[in-house]
Amino acid sequence: MPRTRIKDILASDKTDYTVTIKGWVRSFRNNQFIALNDGSCLNNLQAVITLDTDEALVRNINPGASLSITGTVVASLGKGQKVELKTESIELLGACDPEKYPLQLKNKPSLEYLREIAHLRFRTNTFGAVFRVRHTLAYAIHKFYNDRGFVYLHTPIVTGSDAEGAGEMFRVTTLPFDNPPRNEDNSIDYKEDFFGKSTNLTVSGQLEAELGAMAFGEVYTFGPTFRAENSNTARHLAEFWMIEPEVAFNDINDNMDLAEDFIRYIIGYAMEHNREDLDFLATRLADEDKQKPMNERSEMGLVEKLDVVLNNKFERITYTEAIDILLQSPHYKKKKFQYDVSWGIDLQSEHERYLVEKHFKKPVIVTGYPKDIKAFYMRQNDDGKTVAAMDILAPGIGEIVGGSQREERLEKLLQRMEEMHIPAHEMEWYLDTRRFGTVPHAGFGLGFERIVQFVTGMGNIRDVIPFPRTPKNAEF
RNA sequence: UCCUCCUUAGCUCAGUUGGUUAGAGCACCUGACUGUUAAUCAGGGGGUCUCUGGUUCAAGUCCAGAAGGGGGAGCCA
């Protein structure tokens with residue numbers, strides 16, 4: 001008999017039909033009631049076993065054991081669930097030693113501990129919900145761009161370009177590290193390496209995506225990205241996933257509209273398709289909040305926060321306005337900022353948090369940053385001081401999107417590369433887009449795990465990726 | 001990488017000015033229990049106090065170093 005997913009059984013009021021369910025035992029109460037979960041949804045289906053069930057089998061019905069149960073779906077005799085399964089036959093698929101199994105329903109393992117047992121943490125309510133939401137967001141991303149005619153472009157993971165300037169890179173090589181071939185000046189001879197040159201893992205697909213945009217009009221990338229920064233924070237990973245749309249003929253305002261529509265769409269999609277999981281995560285977060293002192297508690301619940309994002313335009317301000325707001329703030333006047341504020345500084349975390357969490361209380365898009373604190377490819381504004389950059393700052397997360405209108409004018413781009421010591425001769429393939437039919441264009445990068453954090457309310461980015469890679473940690 | 005806090009039973013934690021045999025709740029084991037909902041009740045077992053070195057008559061407790069983790073910062077998405 002084919003397997004029926006528990007989600008489908010629970011979603012329907014239908015009764016008096018026979019099904020086979022397969023899953024893992026969450027709890028076994030009163031030698032009679034099995035709570036079975038198959039991962040299709042948050043909730044378990046209660047299977048009621050009969051008195052004549054084989055004793056040896058009953059002894060093996062422990063949390064974590066896998067079972068195949070065939071029976072009749074009936075209206076529940078007990079309270080707490082609409083339907084339950086009246087068991088006709090049970091097959092033990094895989095036993096689970098209760099003495100060694102770390103997940104017992106009554107235990108409350110910490111998120112940090114669960115991270116160490118990544119092979120089992122999917123079986124918890126919290127991580128089940130997080131990773132179902134993560135999947136939905138990933139699907140919604142593809143759907144959003146597909147529906148708008150974007151081409152999904154696979155940019156390389158191994159890259160020979162080391163001028164992207166987005167951070168420290170992981171080296172990719174097959175050379176023996178203890179005795180690599182050397183040039184006469186003792187430098188390493190990469191001509192002997194696998195690719196015949198020095199190669200790294202990508203830190204961004206943007207430059208390659210720009211090439212695609214110059215032919216398809218609109219493209220996006222969605223793939224793994226690697227940064228070898230020694231960052232030990234709740235919002236950095238060494239391996240993370242990034243979405244980078246790039247659109248020909250778009251200016252910075254089109255870019256902001258796209259980013260805002262995009263974020264709103266995928267959040268709305270998750271709200272529509274994972275409401276049960278999000279409600280659970282909201283409750284989890286509210287419970288966690290109760291442990292905190294009053295002044296550290298969040299002002300609104302998770303679902304409420306997502307509703308605010310869905311129903312309100314993001315605040316759009318220029319960098320210059322942001323600096324003014326900070327300078328005028330009571331916070332600044334009371335000298336509560338650790339870092340001083342003046343035009344030209346890079347906004348510090350505390351400044352971004354103030355703008356987003358205290359002043360506007362919703363996502364904020366900041367544009368027009370000083371050119372000296374931004375990347376070489378960003379389009380120079382007419383004032384000669386700023387570039388058409390945009391960062392989207394989200395409450396609790398910080399920077400969730402970084403993007404810009406790109407400098408499409410070859411002369412201006414070359415001049416900026418020279419000022420910033422970017423070797424133009426290594427990037428002719430990129431500069432050619434500005435030589436052969438250049439057009440205004442714009443794009444941005446959205447950190448996938450950061451949006452998953454925002455939607456699920458998880459405080460640590462390591463808890464929204466199945467197998468986190470961070471400095472000193474590459475388990476599994 | 002910097003600042004700061006932490007590491008004690010399978011899990012979550014307590015452990016006083018250094019002092020005899022290191023505790024609790026849950027989990028686990030044994031038994032009871034056929035309408036439970038984190039099931040409940042009775043009984044039982046379980047420890048390299050993260051590691052290395054030091055001070056001391058005596059170290060879970062004090063000192064130094066290492067590893068791992070939390071919170072904050074920098075870098076960024």
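Residue numbers start from 1 in every chain, and the chains themselves are labelled A, B, ... in the order their sequence lines are given, proteins ahead of strands.
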Measure from the side-chain heavy atoms of [X] and tell me the nearest of [options].
| X | options | value |
| --- | --- | --- |
| A:Asp346 | B:rG69, B:rC76, B:rC33 | B:rC76 |
| A:Val48 | B:rG35, B:rG74, B:rC11 | B:rG35 |
| A:Ser110 | B:rC76, B:rG35, B:rU12 | B:rU12 |
| A:Ser76 | B:rC76, B:rG71, B:rU36 | B:rU36 |
| A:Tyr113 | B:rA77, B:rU12, B:rU36 | B:rU12 |

Considering every strand and a 4.0 Å limit on heavy-atom distances, what is the contact class for [X]: base, sugar-phosphate, or nothing?
| X | answer |
| --- | --- |
| A:Gln32 | base |
| A:Ser27 | sugar-phosphate |
| A:Ile451 | nothing |
| A:Gly78 | base |
| A:Leu77 | base |
| A:Asn31 | base |
| A:Tyr339 | sugar-phosphate |
| A:Lys472 | sugar-phosphate |
| A:Gln348 | sugar-phosphate |
| A:Glu84 | base |
| A:Arg235 | base |

Could you tell me how far [M] sits from [N] if I compare only their [atom1] atoms? Round to whole Å.
| N | M | atom1 | result |
| --- | --- | --- | --- |
| B:rC26 | B:rG44 | P | 15 Å |
| B:rA66 | B:rC6 | C1' | 16 Å |
| B:rC75 | B:rG68 | P | 24 Å |
| B:rG69 | B:rC33 | C1' | 43 Å |
| B:rU8 | B:rG70 | P | 15 Å |
| B:rC63 | B:rU55 | C1' | 7 Å |
| B:rU21 | B:rU17 | C1' | 22 Å |
| B:rA22 | B:rA42 | P | 27 Å |

Measure from [atom1] on [X] to [atom2] on [N] and round the result to the nearest Å.
| X | N | atom1 | atom2 | value |
| --- | --- | --- | --- | --- |
| A:Asn62 | B:rA38 | CG | C1' | 17 Å |
| A:Arg450 | B:rC75 | CZ | P | 12 Å |
| A:Lys108 | B:rC13 | NZ | C1' | 12 Å |
| A:Ile373 | B:rC75 | CD1 | P | 10 Å |
| A:Ile345 | B:rC75 | CD1 | P | 11 Å |
| A:Phe337 | B:rG72 | CZ | P | 17 Å |
| A:Phe33 | B:rC33 | CZ | P | 16 Å |
| A:Ile461 | B:rG71 | CD1 | P | 12 Å |

Donor-acceptor pair under 3.5 Å: do we get one between [X]'s side chain and the base of [N]?
| X | N | result |
| --- | --- | --- |
| A:Ser231 | B:rC76 | no |
| A:Asn232 | B:rU1 | yes |
| A:Glu229 | B:rU1 | no |
| A:Gln81 | B:rU36 | yes |
| A:Arg29 | B:rC33 | no |

Quick check on [N]: is either OP1 or OP2 less than 4.0 Å from any side-chain nitrogen or oxygen of [X]?
| X | N | result |
| --- | --- | --- |
| A:Gln104 | B:rC28 | yes |
| A:Ser349 | B:rG74 | yes |
| A:Arg115 | B:rG70 | yes |
| A:Arg462 | B:rG70 | yes |
| A:Asn230 | B:rU1 | yes |

Quick check with a 6.0 Å cut-off and a 45 degree axis cone: is [X] positioned over the face of [Y]'s six-membered ring?
| X | Y | value |
| --- | --- | --- |
| A:Lys108 | A:Tyr113 | no |
| A:Arg148 | A:Phe144 | yes |
| A:Arg121 | A:Phe131 | no |

Is the aromatic ring of A:Phe448 within stacking range of B:rA77, meaning centres under 5.5 angstrom and planes under 30 degrees?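 Not stacked by the 5.5 Å and 30° rule.
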
Between A:Glu357 (side chain) and A:Pro395 (backbone), is there a donor-acceptor pair under 3.5 Å?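 No, A:Glu357 side chain to A:Pro395 backbone: no donor-acceptor pair under 3.5 Å.
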
Would the distance check show the side chain of A:Gln453 and the main-chain N or O of A:Arg235 forming a donor-acceptor pair, the cut-off being under 3.5 Å?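 Answer holds: no.
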
How do A:Asn473 and A:Leu347 order along RNA chain B: which one's closest nucleotide is nearer the 5' end?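 Nearer the 5' end of the strand: A:Asn473.
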
Nearest nucleotide by nearest heavy atom, which residue falls closer to the 5' end of RNA chain B, A:Tyr101 or A:Leu446?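 Residue closer to the 5' terminus by nearest nucleotide: A:Tyr101.
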
If we count only N and O atoms by modelled type, under 3.5 Å, do the side chains of A:Arg171 and A:Ser198 hold a donor and an acceptor together?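 The answer is yes; a qualifying pair exists.
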
Contiguous Watson-Crick or G-U pair runs (3 or more, under 3.5 Å) in RNA chain B: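 Looking at RNA chain B, the stems formed by three or more consecutive pairs are B:1-7 with B:67-73, B:10-13 with B:23-26, B:28-32 with B:40-44, B:50-54 with B:62-66.
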
